[in-house]
Amino acid sequence: MKHQLNGRLAQKQVKVALVGAGGTGSRMLENLMNLHRAMVALGHPGGLHVTLIDDDVVSPSNVGRQAFYPCDVGSYKAFTLINRANMAAQVSWTAIVDRVSDDSEGFSNFDMVIGAVDNRTARRAILSAIENSRRDHTYYLDMGNRSSDGQILLGEVQGRRRTEPDPTRLPHVGEMFPALIDSGQDHMEDETPSCSLAEALQKQALFINPAMALAASSILWNLFTKGEIEHHGAFVNLDCLTTMPIPVDRDFWARFGVHRACEKRPRLRAAKSK
C-alpha cells in the first residue's frame with residue numbers, strides 16, 4: 001500500500017508552516033533549505049516556501065545543541081533562522097514571532113504544517129488550528145522526542161471545509177498516538193529551563209534532534225521526488241541505534257486503534273490554560 005502525493009503539489013510552490021525553532025525545528029529548517037534546492041534542481045516549478053513560527057529567544061543553553069551561535073543569544077529564534085536561510089538559499093521565507101492557538105485560521109494558507117514542539121498542549125493546539133482551516137486536507141508532519149528516542153509521523157488532517165470523512169487519508173499523530181495530545185500529561189514532564197549547554201545535555205542526547213529532523217526530511221524527500229511513499233513515519237532510538245518504520249498500511253494502523261469508520265471523528269479542542 002502506498003500514499004500518493006496530491007498532484008497539485010507537484011505543479012505549484014508548496015507552502016509549509018514550521019512550528020517550533022528549537023532543537024528539532026532549527027535543524028529541520030536547514031534540511032528544508034536543502035530539500036527546496038533539490039526540488040528546484042529536479043524540475044519542481046516552485047520548491048518550498050517556509051514560514052517559521054516561534055515566539056522564543058535564543059538563550060546561552062541553546063548554543064551548541066540547537067542551530068545557534070553565541071552571537072545569536074537574545075535574538076528571536078524565528079527571525080534569526082529565517083534571515084540566515086534567506087541569505088544562504090536566496091529565498092524569501094517568512095518568520096512569525098508568535099504561538100499557535102487552537103482558534104487560529106492561519107493554516108488555511110498552508111499545504112503542509114510541520115510540528116517541532118516539546119509538549120502535548122502545543123501539539124493539540126496545532127491539530128485543532130489545522131482542523132479550523134478552510135482546506136479539505138492539510139499534511140501534518142509531527143516530530144516528538146524524549147532524551148534519546150522519539151517518533152515521526154506524516155498524516156493528513158481534515159479541515160472543516162470537508163464534511164464527509166475520507167477513508168484514504170493518512171492518519172495523523174492525534175489518531176495514532178492519542179497520548180501525545182493529552183494535555184493533562186504535560187505536568188509529568190520536566191520543563192525546567194536549562195541554564196547551560198551541559199545542563200541541557202543532561203536532559204537530551206546531543207544528536208537526537210538532528211536525527212529526528214533527518215528521518216522526517218527523508219519522508220518528505222521521497223514524497224516530493226518519487227510522488228509516493230510506502231512509509232509515513234518512524235520510531236527512532238539512538239541508544240539502540242534503531243529505526244522502525246511506520247508503513248502506510250491499514251492493518252498496522254488498526255493495531256493502534258485507528259479504524260476507517262464511516263462516521264466522522266469528533267473535532268479536537270485545545271485545552272485552555274489555567
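Keep in mind it's a predicted model, so treat the numbers as computed, not measured.
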Are [X] and [Y] in one and the same hydrophobic cluster, where Ile, Leu, Val, Met, Phe, Trp and Tyr link if side-chain heavy atoms are under 4.5 Å apart?
X      : Y      : answer
Leu9   : Leu42  : yes
Met87  : Val58  : no
Leu180 : Leu154 : yes
Val113 : Leu5   : yes
Val248 : Trp221 : yes

> Between Tyr139 and His3, is a ring-ring contact (aromatic ring centres under 6.0 Å, His included) present by the stated rule, with each step listed?
Replying inline: CA-CA 12 Å; Tyr139 279 116; His3 170 76; 5.6 Å; yes

>> For Val16 and Asp111: C-alpha separation, side-chain torsions, deciding distance, then whether side chain to side chain contact (heavy atoms under 4.5 Å, CB included) applies.
In response: CA-CA 6 Å; Val16 179; Asp111 304 300; over 6 Å; no

>> Does the plane of the ring in Phe79 sit parallel, tilted or perpendicular to the ring in Tyr76? Use 30° and 60° as the thresholds.
In response: perpendicular

> In terms of ring plane angle, is the pair Phe235 and Phe256 parallel, tilted or perpendicular, where the classes change at 30° and 60°?
Replying inline: parallel

> Which other residues end up in the same hydrophobic cluster as Val40, if Ile, Leu, Val, Met, Phe, Trp and Tyr are linked when side-chain heavy atoms come under 4.5 Å apart?
Replying inline: none

Taking the side chain as everything from C-beta on, heavy atoms only, tell me whether [X] gets closer than 4.5 Å to [Y].
X      : Y      : answer
Glu230 : Met1   : no
Met176 : Leu153 : yes
Thr80  : Arg84  : yes
Tyr140 : Glu156 : no
Leu241 : Asn237 : no
Asn209 : Asn145 : yes
Leu238 : Asp149 : no
Met212 : Val236 : yes

Nearest 0.5 angstrom please: [X] [atom1] to [Y] [atom2], how far?
X      : Y      : atom1 : atom2 : result
Ile53  : Ile96  : CD1   : CD1   : 4.5 Å
Leu35  : Glu30  : CG    : CD    : 14.0 Å
Met112 : Leu48  : CE    : CG    : 8.5 Å
Trp253 : Leu170 : CH2   : CG    : 5.5 Å
Glu131 : His172 : CD    : NE2   : 5.5 Å
Asp118 : Gln204 : CG    : CD    : 8.5 Å

>> Under 6.0 Å between ring centres: does that hold for Phe252 and His232?
In response: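 Not under 6.0 Å, so no.
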
>> Among Asp142, Val19, Leu32, which residue satisfies the side-chain contact (heavy atoms from CB on, under 4.5 Å) criterion with Ile114?
In response: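 Running side-chain contact (heavy atoms from CB on, under 4.5 Å) over Asp142, Val19, Leu32 with Ile114 returns exactly one hit, Leu32.
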
> Heavy-atom count around Lys2 NZ within 6.0 Å, excluding the residue itself: above 12?
Replying inline: no

Ignoring hydrogens and geometry, is there a side-chain-to-backbone donor-acceptor pair from [X] to [Y] under 3.5 Å?
X      : Y      : value
Arg135 : Ser108 : yes
Asn62  : Ser59  : yes
His36  : Val50  : no
His231 : Pro245 : no
Gln13  : Gly46  : yes
Ser26  : Ala67  : yes
Arg169 : Gln158 : no

For [X] and [Y], which heavy atoms make the closest approach, and how far apart are they?
X      : Y      : value
Leu52  : Ala78  : CD2-CA, 3.7 Å
Val91  : Ala85  : CG2-O, 3.8 Å
Leu206 : Gly64  : CD1-O, 3.8 Å
Ala116 : Met143 : CB-CE, 3.8 Å
Met33  : Ala88  : CE-CB, 3.8 Å
Ile152 : Ala216 : CG2-CB, 3.7 Å

> Just one of Asp54, Asp72, Asp56, Asp55 clears the salt bridge (charged side-chain N to carboxylate O under 4.0 Å, His left out) bar with Lys77, so which one?
Replying inline: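 Answer to the salt bridge (charged side-chain N to carboxylate O under 4.0 Å, His left out) test with Lys77 among Asp54, Asp72, Asp56, Asp55: Asp56.
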
>> Looking only at the side chains, is there a donor atom on one of Asp239 and Ser148 sitting less than 3.5 Å from an acceptor on the other?
In response: yes

> Going through the checks in order, is the side chain to side chain contact (heavy atoms under 4.5 Å, CB included) test met by Leu220 and Met28?
Replying inline: CA-CA 11 Å; Leu220 298 185; Met28 188 67 187; 3.9 Å; yes

>> Test side chain to side chain contact (heavy atoms under 4.5 Å, CB included) on Trp93 and Thr51; report intermediate values, then the result.
In response: CA-CA 6 Å; Trp93 292 356; Thr51 298; over 6 Å; no

>> salt bridge (charged side-chain N to carboxylate O under 4.0 Å, His left out) for Asp182 and Arg124? Distances and angles first, verdict last.
In response: CA-CA 8 Å; Asp182 182 359; Arg124 187 178 182 90; over 6 Å; no

